[in-house]
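Below, chain A is the first sequence line, B the second, and so on; all start at residue 1.
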Amino acid sequence: MSFEPKILGIACNWCTYTGADLAGTTRLQYPQNLRVVRVMCSSRINPSFIFRAFQLGADGVLVGGCHPGDCHYNTGNLYARRRLAVTKKILEFSGMEPGRFRVEWISASEGNKFAEVVTEFTKQIKNLGPQTQFKISQ
Amino acid sequence: MAISFKQIEDKLKTEAKGLLETGKVSLVLAYGKGYDEKHPMPYVARRPSDADNIVFNEFCTHNMARYMVRYPAGTKMAVAVKAADSRAVIQLIQEEKVKREDLVLLGIPAYGMKNPKTGETIDSKTTCGLYNPVLYDVLLGEEVHGQPVVSPYDVLAQYEAMDKEARFAFWKKELDKCIRCYACRKACPMCYCDPCFIDQNKPKWGEKSPESAGNLMYHLTRFHHLAGRCIDCGECSRACPVNIPLYLFHKKVAKDCEDMFGQAAGMSVEDKPVLVNFRVDDSDKILE
């Protein structure tokens, strides 16, 4: 059986989640490997969510937020950008493949972009193979 | 060397006595005798007569900024600060944990501090490598000049050059040693959360027993919480009973924050910590 990755998507309510909705209503096809969790803002994401997701078996984590400047709360994603950049550096220095964690700005009108990003990211994770470093062996 | 540790000790005693006698401060955070000369202990002088118990030698590595947050807000106190310690004080002022006007900082310009465990001289390999305090009210002695200025991040080169599998193996080996005594957390001047995320049960962020998964979760999250705040005193690694080189990861994160946001932790009272701040023109490149 071919490897089907588990990807955690954390999407902001106002942009990326609505963008995902749009992708759905316009019947765009994208891989079903993404499991989306909705948060109110990308700055709601505690970096521990990401570490924990990798420990509990996620092969990749995709974070989606509004474009900088478009945040529903004005400045949320600007904080998130700095915070998630640090998260990425930490994952990298701890020895994880940098490609497993990705942050994308997807607005509510970009259903196409959402489908494209998910397709591309899933392909990338499939190439990287299962994530075993952080995963807690059961 | 311009000034000996004994001279610093005498000055520290005089200053502490004077401050306590005039009632300018209600306590002085300094160093006291431990069970032998190599192991001085943090010491709090509360009465003028306590000042005689203060000691200072090359093994007084503790970061006394750690103890400031234990006292109620508004407590007037004097703190003996070395180079990195003064940065910790600045960082705590930035985070509004202490107020500048409540503090009297007794700056100690020190060169040749030694790690009591290994006897090695502490330099930029394990700490920020500064000799003179950044912020002080009274300087005990003269500023240290003429010591080589080495970037504190030089030591990282060999770890950055490793490929990622080797680096993961390195960290796994190191972090697996952790016995979860939380000495790093206790020694760290920036770890003042109550309760710490790892002590919470709901949500339970990570396993609490000393095994790989929980250790990784605890340490990675701790590195993240100290991002842009760690002032590189190296006290976590010196406190560690199993000698995990935590300072390496902290240095790396500090270096990245400096590269990305152009600001080092604890260098100016006016700064804001980088992760509670943003610039509209931050580049998206930092996420790549």
Side-chain angles (χ1 to χ4, degrees), chain A residues 42-43 45-57 61-71 73-106 128-129 131-138, chain B residues 156 159-160 162-172 174-175 197-198 200 203-207 211-214 216-228 248-257 259-261 273-288:
Chain A
S42 47
S43 62
I45 300 164
N46 187 326
S48 300
F49 291 175
I50 294 151
F51 299 144
R52 199 68 180 140
F54 282 124
Q55 286 206 325
L56 298 181
V61 176
L62 176 69
V63 169
C66 308
H67 285 274
D70 274 354
C71 178
Y73 308 100
N74 296 336
T75 53
N77 57 2
L78 299 173
Y79 290 108
R81 175 160 61 184
R82 285 194 164 194
R83 199 176 302 150
L84 296 173
V86 172
T87 313
K88 182 141 198 166
K89 299 281 183 205
I90 287 178
L91 285 172
E92 221 172 300
F93 195 61
S94 69
M96 172 170 275
E97 289 101 346
R100 290 196 187 275
F101 174 57
R102 181 158 165 189
V103 182
E104 280 293 336
W105 310 128
I106 300 169
L128 285 171
Q131 184 272 121
T132 52
Q133 292 175 320
F134 278 42
K135 197 173 174 180
I136 304 173
S137 44
Q138 301 292 338
Chain B
L156 287 172
Y159 299 95
E160 287 170 334
M162 279 180 180
D163 61 32
K164 49 188 187 302
E165 283 81 18
R167 202 158 55 212
F168 185 79
F170 168 77
W171 283 115
K172 191 166 164 54
E174 292 296 342
L175 295 182
F197 76 99
I198 202 72
Q200 291 173 0
K204 188 181 165 203
W205 293 108
E207 282 74 15
E211 36 70 55
S212 292
L216 191 73
M217 190 67 194
Y218 166 61
H219 286 288
L220 286 192
T221 311
R222 191 168 165 274
F223 295 141
H224 206 299
H225 287 183
L226 285 161
L248 280 175
F249 217 122
H250 285 304
K251 268 177 190 289
K252 171 69 180 164
V253 179
K255 184 187 175 195
D256 285 337
C257 283
D259 288 348
M260 290 190 291
F261 314 127
V274 288
L275 287 192
V276 295
N277 199 1
F278 65 83
R279 274 203 313 268
V280 177
D281 55 353
D282 276 334
S283 165
D284 272 347
K285 285 214 172 63
I286 57 177
L287 288 168
E288 276 158 19

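Interface remark: B/K255 contributes no atoms to any contact with chain A (heavy atom separation under 4.5 Å). For a residue to count as touching a neighbouring chain, one of its non-hydrogen atoms must lie under 4.5 Å from one of that chain's; by this rule B/N277 touches chain A with backbone and side chain alike. For B/D282, the parts lying under 4.5 angstrom from a heavy atom of chain A are both the backbone and the side chain. Looking at B/L248, only its backbone comes within 4.5 Å of chain A, counting heavy atoms on both sides. Of the atoms belonging to B/E288, it is backbone heavy atoms, and not side-chain ones, that fall under 4.5 Å from chain A. Both the backbone and the side chain of A/V86 come within less than 4.5 Å of a heavy atom of chain B. In this structure, chain A has heavy atoms under 4.5 Å from both the backbone and the side chain of B/M217. Using a 4.5 Å cut-off between heavy atoms, B/W205 contacts chain A through both its backbone and its side chain. Both the backbone and the side chain of B/F249 come within less than 4.5 Å of a heavy atom of chain A.
In this structure, A/P98 and A/K88 approach most closely via the heavy-atom pair O-NZ, 3.5 Å.
Under a 3.5 Å cut-off, the side chain of B/E165 and the backbone N or O of A/G95 do not form any donor-acceptor pair. The backbone N or O of A/S43 sits less than 3.5 Å from a side-chain atom of A/R83, completing a donor-acceptor pair. With A/R82 contributing its side chain and B/V274 its backbone, the two residues share a donor-acceptor pair below 3.5 Å. For the pair A/Q131 (side chain) and A/R100 (backbone), a donor-acceptor distance under 3.5 Å is absent.
The closest side-chain donor-acceptor pair between B/D284 and A/W105 falls under 3.5 angstrom.
Listed options B/L220, B/L275, B/L175 were ranked by heavy-atom pairs under 4.5 angstrom with chain A; first place goes to B/L220. With chain B as partner, the option from A/V103, A/T75, A/N46, A/T87 having the largest number of non-hydrogen pairs under 4.5 angstrom is A/T87. Options A/F51, A/Y79, A/F93 differ in how many heavy-atom pairs under 4.5 Å they form with chain B, and the most are formed by A/F93. The candidate with the highest count of non-hydrogen atom pairs below 4.5 Å against chain A, out of B/T221, B/D163, B/V253, is B/T221. Contacts with chain B were tallied for A/P47, A/G99, A/S94; A/S94 has the most, counting heavy-atom pairs under 4.5 Å.
Taking OG of A/S42 as the start and CD of A/E104 as the end, the distance is 12.5 Å to the nearest 0.5 Å.
The closest side-chain heavy-atom distance from A/E92 to A/E97 is not below 4.5 Å. Residues A/F134 and A/L91 form a side-chain contact, since some pair of their non-hydrogen atoms from C-beta on lies under 4.5 Å apart.
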